[in-house]
Amino acid sequence: MRVSQLGSPPQLSILWICWTFPLLALLTALTIFPLDAAQASSFAHKQIEGEASNYQKHLKRFKPKSRTVRLPVLLKRADGLLATDARSAASVYATAVALQTDSSAAWFGLAKSLLGFDPKTYSSSERYNVPVNASGAAYRAYQHARTDTDRAEALDVLTDALVRRSFWRPAIESLKASVALVDVPARRQKLAALKAEHGFRMTNYTTESDTPEPRICLEFSEMLLRTEPDFSDFISLGGKDPQSVSVEGKRLCIGGLSHGQRYEMQLRAGLPSDIGETLQKTV
């Protein structure tokens with residue numbers, strides 16, 4: 001089986017299917033996604049909630065013994081340290097959280113300070129724990145925030161923590177919710193870049209030629225929309241509709257092909273995923 005790539009987007013590769021040669025080309029698609037104004041402005045995630053809960057339990061040990069300690073004093077001290085000494089700031093913010101667990105400002109400062117740690121100073125355990133704890137703290141800051149502005153800022157910081165963890169889909173959804181709450185241009189641009197690199201997109205294709213009737217399967221980063229009645233509307237094969245199209249989770253398989261033939265295929269913009277995103281550019 002051999003695949004030769006003769007063109008560039010918006011056309012998909014010209015495919016030549018035969019029996020013996022290995023797959024030689026890998027197709028990737030770069031997509032840019034605008035924000036749907038109807039997207040929800042709320043964010044919830046079971047795993048992050050569990051991590052935030054565990055971190056909150058851990059922080060109980062920072063609760064000050066003295067009853068004279070006041071939250072505003074702690075926050076002022078921590079804010080002053082944040083720019084120059086993130087570790088010391090994190091310690092003070094942790095005390096503030098332990099003193100008042102529903103303080104969005106304390107949780108937000110804790111998340112920011114954790115993200116301010118120099119990775120060069122990480123211990124072996126901190127490489128995992130610091131980004132996880134930062135995302136848990138930002139999640140709690142979002143939950144306890146009282147204004148849309150504060151919620152949007154907390155979600156933006158949560159996104160940064162999730163990106164540190166390569167937790168791409170929750171990061172995208174968090175930033176979507178942030179922009180839906182308060183549309184800040186810089187965040188919208190960050191969301192577009194994050195979606196373009198890690199959002200819904202075609203990632204690869206394979207040819208299956210070990211059967212009497214070969215087929216091409218396009219692979220995507222997310223599940224395809226299960227209720228879409230006819231995906232053939234989004235496929236053009238040699239300028240015509242394909243004979244058969246089947247959906248297999250994250251794969252879209254096109255049949256009715258012949259061995260030894262060359263095919264020019266287009267994947268049209270608008271193809272829907274199961275997460276509410278679509279391809280925005282024809283491939």
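On a predicted model such as this, the values are computed, not experimentally measured, just so you know.
Of the N and O atoms on the side chains of Arg187 and Thr159, not one donor lies less than 3.5 Å from an acceptor on the other residue. Side-chain contact annotation: Ser66 with Thr68, donor-acceptor N/O pair under 3.5 Å present.
Side chain of Arg70 to main chain of Arg67: a donor-acceptor pair is present (N/O by atom type, distance under 3.5 Å, no hydrogens or angles). Formation of a donor-acceptor pair under 3.5 Å by the Ser135 side chain with backbone atoms of Val132 is found in this model. For Ser174 (side chain) and Pro170 (main-chain N/O), no donor-acceptor pair under 3.5 Å exists by modelled atom type. Checking side-chain atoms of Ser232 against main-chain N and O of Pro242 turns up no donor-acceptor pair under 3.5 Å. Not one N or O on the side chain of Trp107 forms a donor-acceptor pair closer than 3.5 Å with the backbone of Gly136. In this structure, Glu219 contributes its side chain and Arg251 its backbone to no donor-acceptor pair below 3.5 Å. Side-chain atoms of Thr282 come within 3.5 Å of backbone atoms of Ala269 as a donor-acceptor pair (strictly under, hydrogens ignored). Under a 3.5 Å cut-off, the side chain of Tyr142 and the backbone N or O of Leu158 do not form any donor-acceptor pair. A donor-acceptor pair is defined here as one N or O able to donate and one able to accept, closer than 3.5 Å; no such pair exists between the side chain of Ser103 and the backbone of Gln100. Remark: the backbone N or O of Ile216 is not paired with any side-chain donor or acceptor of Tyr263 at under 3.5 angstrom.
Ile235 is listed as a side-chain neighbour of Leu218, based on a closest heavy-atom distance under 4.5 Å. Glu277 is listed as a side-chain neighbour of Lys195, based on a closest heavy-atom distance under 4.5 Å. In this structure, the side chains of Ser166 and Trp168 come closer than 4.5 Å at one or more pairs of heavy atoms. Inter-residue side-chain proximity for Arg169 and Ile275 is flagged as met; some heavy-atom pair is nearer than 4.5 Å. When side chains are defined from C-beta on, Asp160 counts as touching Lys190, because their heavy atoms get closer than 4.5 Å. The shortest distance between side-chain heavy atoms of Gln47 and Phe167 falls below 4.5 Å. Within the 4.5 Å cutoff, the side chain of Leu257 has heavy atoms near those of the Leu237 side chain. Contact annotation: the side chain of Ser53 approaches that of Arg140 to within less than 4.5 Å [non-hydrogen atoms, C-beta and beyond].
Under a hydrophobic-cluster definition in which Ile, Leu, Val, Met, Phe, Trp and Tyr are linked whenever side-chain heavy atoms come within less than 4.5 Å, directly or via other members, Val247 and Met202 are assigned to the same cluster. Put simply, Leu175 and Leu115 are part of two different groups of oily side chains (I, L, V, M, F, W, Y) that touch within less than 4.5 Å, one to the next. Hydrophobic clustering (side-chain heavy atoms under 4.5 Å, transitive across Ile, Leu, Val, Met, Phe, Trp, Tyr) groups Tyr205 together with Val245. No continuous path of ILVMFWY side-chain contacts below 4.5 Å connects Val184 to Phe108, so the two sit in separate hydrophobic clusters. When hydrophobic clusters are built by joining Ile, Leu, Val, Met, Phe, Trp and Tyr residues whose side-chain heavy atoms come closer than 4.5 Å, directly or via intermediates, Phe117 is not grouped with Leu162.
Between Asp274 and the options Met223, Lys250, Glu222, a side-chain contact (heavy atoms from CB on, under 4.5 Å) holds for only Met223.
If you take NZ on Lys176 and CG on Leu155, they are separated by 13.5 Å, rounding to the nearest 0.5 Å. Note: Leu75 CG to Arg77 CZ = 10.5 Å, rounded to the nearest 0.5 Å. Rounding to the nearest 0.5 Å places CD of Glu248 at 10.5 Å from CG of Leu224. One finds the CG atom of Leu99 at 7.0 Å from the NZ atom of Lys63 (value rounded to the nearest 0.5 Å). Interatomic distance, CD of Gln56 versus CG of Asn133, reported as 12.5 Å (0.5 Å rounding). Note that the OG atom of Ser104 and the CZ atom of Arg146 stand 9.0 Å from one another [nearest 0.5 Å].
Note: Phe234 and Phe231 have tilted aromatic rings, judged against thresholds of 30 and 60 degrees for the angle between ring planes.
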Verdict with reasoning, Phe220 to Leu252, per side-chain contact (heavy atoms from CB on, under 4.5 Å): CA-CA 8 Å; Phe220 296 85; Leu252 189 64; 3.8 Å; yes

Stepwise, does the salt bridge (Lys or Arg N to Asp or Glu O under 4.0 Å) test hold for Lys112 with Glu153? CA-CA 11 Å; Lys112 289 281 288 183; Glu153 289 181 352; over 6 Å; no

Glu208 and Cys217: CA distance, side-chain angles, deciding distance, side-chain contact (heavy atoms from CB on, under 4.5 Å) verdict: CA-CA 8 Å; Glu208 299 181 356; Cys217 290; 3.7 Å; yes

Go through Lys76 and Asp79 one step at a time and tell me if the salt bridge (Lys or Arg N to Asp or Glu O under 4.0 Å) criterion holds. CA-CA 5 Å; Lys76 184 176 180 180; Asp79 291 345; over 6 Å; no

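Summarising the geometry of Arg215 relative to Cys253, their closest heavy-atom pair is NH1-CB, 3.5 Å, with the distance given to 0.1 Å. Closest of all the heavy-atom pairs between Ala111 and Ala134 is CB-O, 3.6 Å. When all heavy atoms of Pro131 and Arg165 are compared, the pair lying nearest together is CB-CG, 3.6 Å. Scanning all heavy atoms of the two residues, the minimum distance from Phe200 to Leu271 falls at CE2-O, 3.5 Å. Looking at every heavy atom in both residues, Tyr93 comes nearest to Ser113 through CD1-OG, 3.8 Å. For the residue pair Ala94 and Leu110, the shortest heavy atom distance occurs at N-CD1, 4.1 Å.
Note on Glu49 versus Lys46: no salt bridge recorded, every NZ/NE/NH1/NH2 to OD/OE distance being 4.0 Å or above.
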